[in-house]
Amino acid sequence: MLPFTFYSPTKIVFGEDTAYGVGDILKELGGSRPFVVSDANLVAAGVLRAVLESLKEAGLGDPVIFDQVPPDSDLDCVRSASALARQHGCDCIVAVGGGSVIDTGKAANISLVLDGDIRDFEGMHAVPRALAPLVVLPTTAGTGSEVSAVAMVKNKDEHTKLAFGSYYLFPSVAVLDPKLLMSLPPKLTAATGMDALTHAIECFCATTTNPASDALCLESMRMIFQDLCRATMHGDDLDARSSTLIASTMAGIAFTNGGVGIVHALAHTVGARYDTHHGVTNAIFLPYGMIFNMAACAHRFAFAFRSLCAALRAAPEPVGHWFAGASQHDSQAAEQLIEAVRQLHRACRLPTRLRDIGVPALSQDEISELAVVASTDSAIMFNVREASVEDLEYILKGAW
Amino acid sequence: MAVFCNSDELHHVMDMLWRRIKDDPGMSGKLVEAKLIVQFRYRDPEGTLTIDCSDGNEMKIIVGPTRLKPVIEMSMKADIAHEFWLGKVNVPMAIISGKIVSRGPTPKALALLPVIRPAYTLYPQVLQDAGKKSA
Ligand SMILES: NC(=O)c1ccc[n+]([C@@H]2O[C@H](COP(=O)([O-])OP(=O)(O)OC[C@H]3O[C@@H](n4cnc5c(N)ncnc54)[C@H](O)[C@@H]3O)[C@@H](O)[C@H]2O)c1
Ligand SMILES: [Fe+2]
């Protein structure tokens with residue numbers, strides 16, 4: 001067996017209304033002047049209420065609030081956030097939001113504590129020392145950023161996504177309060193859930209995966225297949241919200257230690273160029289990426305499908321039907337997994353083609369350019385099958 | 001025990017290897033096309049090697065400290081570099097676990113890994129020519 005390192009230092013607190021405990025958590029971490037990062041939608045939807053109340057009760061009232069995070073964090077946003085936090089002498093960060101908010105919180109923490117421009121710390125393990133305590137409360141169930149050592153930040157000028165990876169970017173505490181997700185609209189619920197499913201499936205086959213990540217991936221896949229439709233159609237179903245939230249956190253721990261792959265490389269590239277949502281873009285590329293990877297990991301897909309059948313055969317329709325039985329042949333069982341992904345995709349009513357999410361018709365030159373960028377994305381190095389620029393072009397054309 | 005006795009020996013071996021890579025048009029052509037400046041920083045023993053292809057024309061090999069600002073910086077123990085050139089390092093794994101620390105747009109450098117793979121076969125000879133055993 002290959003050697004591996006598995007590291008997941010983020011404390012996880014799960015439960016309804018756990019957001020009311022944030023003030024105490026921050027105090028335990030030694031924070032006295034919190035910087036709250038969020039976005040305008042979340043403020044308007046009242047999602048921050050519990051957190052702000054809790055800060056007040058803990059005597060940490062009057063926090064500095066930055067609510068200008070756009071969908072997909074970018075360098076300008078990170079620079080403004082950290083400048084504001086510095087200006088007010090903040091010593092800890094609370095991020096309440098989806099992946100964009102959490103990644104902004106992580107990246108702003110770098111420039112809050114360290115001197116130099118945020119770009120100086122781009123790369124893997126380029127952050128030299130510990131940062132300020134960071135408590136995160138995900139309001140989507142998808143990115144896993146609440147437990148990951150990575151922040152993805154867009155460079156708007158170059159239309160690329162920059163990756164910042166470091167053990168110091170692990171949040172100190174992830175507070176998983178399913179009630180914060182009740183206001184998440186169906187389309188975003190489905191899209192973010194598919195992001196989590198993509199993490200689990202890509203990690204499970206990555207060249208760098210390990211047995212601990214594998215176990216998390218399998219259970220995460222089970223929970224998402226079982227409950228994502230329900231969470232999408234019935235946003236107030238707290239059981240379904242809880243299940244998908246925990247599943248996305250588990251997939252986050254898994255991919256942080258095991259990697260992702262070609263689907264993420266393509267989604268990062270298209271997302272940075274055409275401002276498409278990360279989750280929907282992953283959802284569209286997922287079946288294509290799986291078909292491409294079949295040649296290298298059909299046995300892994302088959303293994304996952306068989307485990308899912310054992311666990312979900314008796315699940316309520318339509319899920320039980322998708323996992324009624326697995327072929328004994330690896331290639332067929334692998335195809336069954338891809339078909340189950342397509343069924344989930346359809347049941348959640350997500351778009352299935354790039355053209356449906358605002359990507360214009362692409363010329364051959366544009367396709368080649370995108371393929372070259374995807375071939376140098378950080379996610380692709382973990383992919384189970386080496387992909388040439390031509391392979392990436394082929395997938396881009398198919399997915400359009 | 002560390003593979004390289006001192007910085008001079010490390011520099012000598014890495015310099016010799018990169019000169020042979022430079023002499024191989026299959027490898028150097030593609031590296032030059034990428035127009036990157038990649039710096040390798042080694043410890044145990046200390047060493048620095050900078051590969052400057054920024055003019056898109058010629059590959060320059062700079063041994064030791066330089067004022068040139070690299071686009072990508074890769075830091076690691078000299079032993080890891082040795083194992084890498086023997087083809088024994090799972091690079092993505094080494095990057096996830098922090099055995100290799102990279103600064104800058106790392107994936108641009110990683111995309112060149114397949115280009116320099118043929119150098120794995122050159123390395124044992126380089127070690128021998130430098131008077132070292134390859135293990
Ligand atoms: N760091 C990591 O490990 C990692 C992993 C995967 C993805 N990402 C990044 O995460 C980002 C995507 O994050 P995301 O998918 O969570 O979406 P997001 O954070 O961009 O949010 C999408 C939209 O949903 C809204 N929203 C979020 N929660 C809501 C709620 N509870 N109620 C109502 N509206 C809500 C937001 O206001 C926003 O308009 C991308 O930039 C991606 O690159 C990071
Ligand atoms: Fe993702």
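The figures here come from the full heavy-atom set of this structure, side chains too, leaving out hydrogens, waters and symmetry mates. Convention: sequence-line order gives letters A, B, ...; per-chain numbering from 1.
- By the neighbour-count criterion of 12 heavy atoms within 6.0 Å, atom CD of B/Glu9 is densely surrounded, having more than that number from other residues, nucleotides or ligands.
- Minimum interatomic distance between B/Ser102 and A/Ala126 (heavy atoms only, all atoms of both residues): O-CB, 3.6 Å.
- A/Glu122 has no carboxylate O lying under 4.0 Å from a charged side-chain N of B/Lys108, or vice versa, which leaves the two without a salt bridge.
- Of the two parts of A/Ser166, neither the backbone nor the side chain holds a non-hydrogen atom closer than 4.5 Å to a non-hydrogen atom of chain B.
- Atom OH of A/Tyr394 has 12 or fewer heavy atoms from other residues, nucleotides or ligands within 6.0 Å.
- Rounding to the nearest 0.5 angstrom, the gap separating the OG1 atom in B/Thr106 from the CG atom in A/Asp377 is 11.0 Å.
- Interface summary for chain A: among B/Pro107, B/Ala109, B/Pro114, the most heavy-atom pairs under 4.5 angstrom belong to B/Pro107.
- The residue among B/Glu73, B/Met74, B/Lys99, B/Arg117 with the most heavy atom pairs within less than 4.5 Å of chain A is B/Arg117.
- Summarising the geometry of B/Ala111 relative to A/Ser375, their closest heavy-atom pair is CB-O, 4.0 Å, with the distance given to 0.1 Å.
- Other residues, nucleotides and ligands contribute over 12 non-hydrogen atoms within 6.0 Å of the CZ atom of B/Phe4.
- For A/Glu386, the CD atom sits in a loose shell: 12 or fewer heavy atoms of surrounding residues, nucleotides or ligands are nearer than 6.0 Å.
- In terms of non-hydrogen atom pairs under 4.5 Å with chain B, the most contact-rich of A/Tyr167, A/Phe164, A/Phe6 is A/Tyr167.
- Judged by distance alone, the side chain of B/Arg103 and the main-chain N or O of A/Phe121 form no donor-acceptor pair under 3.5 Å.
- Counting non-hydrogen atoms of neighbouring residues, nucleotides and ligands closer than 6.0 angstrom, the NZ atom of B/Lys77 reaches no more than 12 such neighbours.
- Contact annotation for A/Asn257: only backbone heavy atoms (N, CA, C, O) come within less than 4.5 Å of a heavy atom of chain B.
- By the 6.0 Å contact criterion, NZ on A/Lys397 is enclosed, its count of non-hydrogen atoms from other residues, nucleotides or ligands being greater than 12.
- Looking only at distances, no side-chain donor or acceptor of B/Ser97 sits under 3.5 Å from a matching main-chain atom of A/Thr5.
- A heavy-atom distance below 4.5 Å is not found between the side chains of A/Phe4 and B/Ile96.
- In this structure, A/His125 contributes its side chain and B/Ile95 its backbone to a donor-acceptor pair below 3.5 Å.
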